[in-house]
Amino acid sequence: MTNVARRVRPTSPATGNDVPSRGPDFACGYEIDVASDDARTPEQWARAAWEGAPAPLRWFMLAGWRFVLGLRLGPRPSPDHILGRRIIDRRHDETVCQLRSSFLEAYNAFRLVDGRLVWSTFVIYERPIASVIWPPVSLLHRPLVRIALRRAAVRS
């Protein structure tokens with residue numbers, strides 16, 4: 001594999017048309033350069049980031065998703081889910097996953113753009129309690145995305 005900088009950078013969130021047209025209440029994006037000989041699909045990147053995370057990190061994420069955010073996880077393992085997140089769109093340049101709880105809806109898009117992988121997160125508040133719960137969770141979400149993306153790049 002070609003040596004490529006493994007620095008994760010903030011970027012504008014990017015996705016196709018599968019995130020609802022109603023603007024998200026929270027959006028963030030991170031990108032990393034993809035080596036020229038890295039032929040992984042966006043779905044493979046998502047699986048490497050979530051399912052390829054070390055067991056303690058995976059369990060931490062799952063516990064937060066389920067018990068803090070109340071997200072309804074799907075089956076694991078599954079060709080239609082990535083660590084319990086339902087795949088709602090699968091294209092050559094993008095994979096979008098979605099989860100819902102009783103108070104929010106979350107989308108994660110993994111998109112290949114001009115030699116970079118962009119991981120975007122969109123959260124839509126369905127009930128007012130989401131505006132109390134998500135902001136502190138987002139403080140953990142951001143560094144966890146950077147860690148998972150960096151690890152996924154190294155594991156290629």
Side-chain angles (χ1 to χ4, degrees), residues 1-55 57-62 64-66 69 71-101 104-126 130 134 137-138 140-156:
M1 168 184 253
T2 310
N3 190 12
V4 170
R6 298 298 182 199
R7 187 169 159 260
V8 177
R9 302 171 300 274
T11 191
S12 297
T15 188
N17 298 325
D18 289 337
V19 175
S21 58
R22 176 182 163 233
D25 296 291
F26 170 89
C28 73
Y30 291 93
E31 68 180 10
I32 193 163
D33 294 328
V34 176
S36 60
D37 60 347
D38 187 337
R40 288 182 289 174
T41 65
E43 180 177 340
Q44 289 169 322
W45 272 93
R47 289 189 186 282
W50 283 328
E51 295 172 348
L57 180 56
R58 258 192 338 267
W59 286 109
F60 180 76
M61 290 187 294
L62 287 167
W65 295 344
R66 177 166 282 159
L69 297 175
L71 295 168
R72 298 177 197 106
L73 300 173
R76 298 179 328 262
S78 165
D80 296 322
H81 294 80
I82 303 173
L83 199 60
R85 290 178 169 265
R86 184 169 61 98
I87 299 170
I88 63 167
D89 189 23
R90 212 184 241 128
R91 293 190 301 250
H92 74 281
D93 65 339
E94 183 176 46
T95 294
V96 180
C97 297
Q98 180 235 11
L99 278 176
R100 295 187 82 121
S101 76
L104 63 77
E105 188 171 11
Y107 293 84
N108 281 267
F110 293 80
R111 185 179 190 119
L112 290 169
V113 181
D114 299 326
R116 299 169 292 128
L117 187 282
V118 177
W119 179 348
S120 302
T121 301
F122 304 92
V123 178
I124 299 166
Y125 300 165
E126 302 276 324
W134 177 254
V137 170
S138 75
L140 287 172
H141 171 78
R142 295 170 200 259
L144 288 176
V145 166
R146 290 192 301 269
I147 290 166
L149 195 51
R150 191 175 311 111
R151 289 186 60 84
V154 170
R155 296 179 63 94
S156 60

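Not measured: the values here are computed from a predicted model.
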Backbone of Ala53 reached by a side-chain donor or acceptor of Arg58 within 3.5 Å: yes
Arg90 bridged to Glu43 by N-O distance under 4.0 Å: yes
Electrostatic pair Asp33-Arg9, nearest N-O below 4.0 angstrom: yes
Minimum heavy-atom distance Ala49-Ala148, with the two atoms named: O-CB, 3.6 Å
Audit row: Thr95, Ile87, side-chain contact (heavy atoms from CB on, under 4.5 Å) steps and yes/no: CA-CA 7 Å; Thr95 294; Ile87 299 170; 4.1 Å; yes
Pair Arg76 + Glu51: basic N to acidic O under 4.0 Å: no
side-chain hydrogen bond (donor to acceptor under 3.5 Å, both in side chains) evaluation trace for His92 with Thr41: CA-CA 7 Å; His92 74 281; Thr41 65; over 6 Å; no
Verdict with supporting geometry, Phe26 and Trp134, ring-ring contact (aromatic ring centres under 6.0 Å, His included): CA-CA 9 Å; Phe26 170 89; Trp134 177 254; 5.2 Å; yes
Output field: ring centroids Trp50/Trp119 closer than 6.0 Å: yes
Arg85 charged N/C atom sitting above Trp65 aromatic ring, 6.0 Å / 45°: yes
N/O donor-acceptor pair under 3.5 Å between Ser101 side chain and Leu69 backbone: yes
Pairwise side-chain contact, Arg146 with Leu149, heavy-atom cut-off 4.5 Å (strictly under): no
Audit row: Phe110, Glu94, side-chain contact (heavy atoms from CB on, under 4.5 Å) steps and yes/no: CA-CA 6 Å; Phe110 293 80; Glu94 183 176 46; over 6 Å; no
Evaluation steps, side-chain contact (heavy atoms from CB on, under 4.5 Å), between Tyr107 and Leu99: CA-CA 7 Å; Tyr107 293 84; Leu99 278 176; over 6 Å; no
